[in-house]
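Chain identifiers are assigned alphabetically (A, B, ...) following the order of the sequence lines, protein sequences preceding nucleic acid strands; residue numbering begins at 1 within each chain.
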Amino acid sequence: MKLLLQGGLIIDPKSGLEKKLDLRIEEGKITEIGSNLIEGESEVLDVRGKIVAPGFIDPHVHLREPGGEANETILTGCQAAAAGGFTTIAAMPNTKPCADNEGIIELVKNRGSRAGLVRVLPIGAISKGREGREIAEIGSLYKAGAVAISDDGNPVTSSEVMRRALEYTKLFGIPVISHSEDISLSAGGSMNEGYWSTVLGLKGIPAQAEEIMVARDILLAELTEGKLHLAHVSTSGSIKLLRFAKEKGIHVTAEATPHHLLLTDEEVKSYSTNTKVNPPLRGEEDVHNLRIAVKEGLVECIATDHAPWCQEEKEQEYSKAPSGISGLETAIPVIWDTLVVKENMSWLEVIERFTVGPACVLNLDRGYLAKGHEADITVIDPNLRKEVKAENFYSKGKNTPLDGRSFQGWPVMTIVGGKVVMQDGKLKG
Amino acid sequence: MGIESKDLLSMEQLDCGQVSLILQTAKEMEKIIRRDIKKVPTLRGKSVVNLFYEPSTRTRTSFELAGKYMSADVININTTASSVVKGESLKDTGKTLEAMGADIVVIRHGMAGAPKMLGSYLKSRVINAGDGFHAHPTQALLDMMTIKENLDGFQGLKVAIIGDILHSRVARSNLKGLTTMGANVWLCGPPTLIPPGLERLGARVTYNMEEALEGADVVIMLRIQLERQKTGFFPSIREYSQLYELDRRRLALARKNCLILHPGPINRGVEISGEVADSIQSYINEQVTHGVAVRMALLYLMLGQKGE
């Protein structure tokens, strides 16, 4: 089957290409990029007025399977990803049982490809049982297909274990993803510590709970020369530390989430548990500095930290409810509206944070458009303004604080390996 | 005029006029409490459910009596002996009570925001009887009634609230209510028990008890939870009371005849000396009476007026 994407604005951050051109796909691969390509036998997809970008990559999602199927399955997570404009997602290992063994890595990979929608890349655990005591069989995880390791959700409290993980992974070249949280400081907290936690009477989590661990892990990355990736940085202090580390030439990368770039802790005043997330929504200044860091490229990628929860889980008292936001189906419009429409970030750079950025973090040969390369493509309508309707999410997790809000800049087509899996917000096939 | 919003969740909802209305109504209610036959038919046929997830004597009892003095049917749910122990969610418990016809659910809960959540699920009206560290509006109202009855207003008064501010819903609700009515509120406690952002809420903050007491018209002492010592907020009860106990000597710094309030139950010899607690300046027992009066006023304003 041949497809011809006609009349779109092709933006490829890797090559710097930003031009109105046609793009032809044959046998799952990009075969031609050029102007006025002849239609021939190709099925024509009219993408005039739209942006044709490399397939978006989300380096941080939770698919819940195995063990948490009431909240999400690999299939529904993949559907949410495709609907949200992503072609590749990396799945965190905090399943039950967790991905500290090659069996779970295989399972996630296989069920991901069985879903037949987007590419699912498993992330292995740093430690056995994600308990932070002994490092997992990282070599086996890597061989089975893990693209990174992380004890996501459970910070590695022992500096020694973190050191060994950063050292040992040098053997495979995969990054260690740090969920940076000093749990002795954050224990029992359910929102950012500050004015709003005082007003609402909820136990606060100080920014320093994140920053202390960011600092520690940066120093360990310096010591070991391992590859450190900081998950969901959210505070001004973390940004400063990141800048310090990069200036010193320490190998560290970082991601920011759409919710930390859009919302502040004031959002919690509704007591809606859909605003509960870890790290928590922060103050205005943090949001401001995080936006600057993403614009500059100091934070090189956007990650959703897609954390779906079923209704019963979130319908609990605020301090009892689990943390997390279902983010795959709102990430692109939130970022587009926040950084492009309101902050004038260039289209090319925003797309870079969703493609080249995460590909570089996870060492993937993806995130660009080139002749002969697999046809993973995200098409965006930069002018489309729509309301978020959580009830229509493909994800089982309808837990979003953004329900009913309107954003500009939505994905209108997702193509994975030459196959159109989403068109106009609806899954195909 | 009554309470406009369906639920009474925090002092933030009440403006100056509404607070005055409640306190005025409470003053009328107090007359009923002082009668020999303490029963009026105002709320006959209405039902009030006390849903308490935390232990409480005075708040629960005073809501119960408030309802009964006005002929409402009042029942108490002790969550440790209910389906809550079987794992029933707050939503389901609330829905069940609503289905049984509860007109008002009075909820006390250890987690901030629980009353708001309950209110969003129910058509019944909800009164917050204390949620986590967040709010305890009826306590603030009864404290304010005690102040108003004895000092004739709030404008320009110095009110010092002393103790564990961080974990105190009483301090938060009083701060809001009293500043709304024009009083100057000072909050005082050890730095470990002072949360951020209080100045933005209109408070003066000091760690120094003497400074807080200087010229105060009202002192509200807070109960120190003995288990806070275990989590490192202060080193020992002994040291705490050396620094923050209200005794005769310290009280002398306040204005003559300054009112002493305490939400109870008191720890004698910890945050307040027995001598001070029993002195004529202590309005702790009057607070309890006003507690019933204020709750009668609220039940009346929320149930008794509409459609009667």
pair A/Glu312-B/Ser89: side-chain heavy atoms closer than 4.5 Å: no
Top contributor to chain B contacts, counting heavy-atom pairs under 4.5 Å, from A/Ser319, A/Gly201, A/Ser270: A/Gly201
Other residues, nucleotides, ligands: >12 heavy atoms within 6.0 Å of B/Glu199 CD: yes
Among B/Arg169, B/Met111, B/Arg200, residue most engaged with chain A (heavy-atom pairs, under 4.5 Å): B/Arg200
Neighbour count >12 (heavy atoms, 6.0 Å) for atom CD, A/Glu160: yes
Greater than 12 external heavy atoms within 6.0 Å of A/Arg405's CZ: yes
Minimum-distance pair of heavy atoms, taken over all atoms of A/Glu317 and B/Ala114: CG-CB, 3.9 Å
Chain B contact via A/Tyr271 - which portion, at a heavy-atom distance below 4.5 Å: side chain
Spacing of A/Lys320 atom NZ and B/His109 atom NE2 [to the nearest 0.5 Å]: 6.0 Å
Inter-residue atom distance B/Lys91.NZ - A/Gln311.CD, 0.5 Å rounding: 5.0 Å
Part of B/His167 within contact of chain A (heavy atom distance under 4.5 Å): neither
Side chain to side chain contact (heavy atoms under 4.5 Å, CB included) partner of A/Thr198, the single match among B/Leu166, B/Ile194, B/Leu198: B/Leu198
Chain A interface, residue from B/Gly197, B/Ser120, B/Gly113 that has the most non-hydrogen pairs under 4.5 Å: B/Gly113
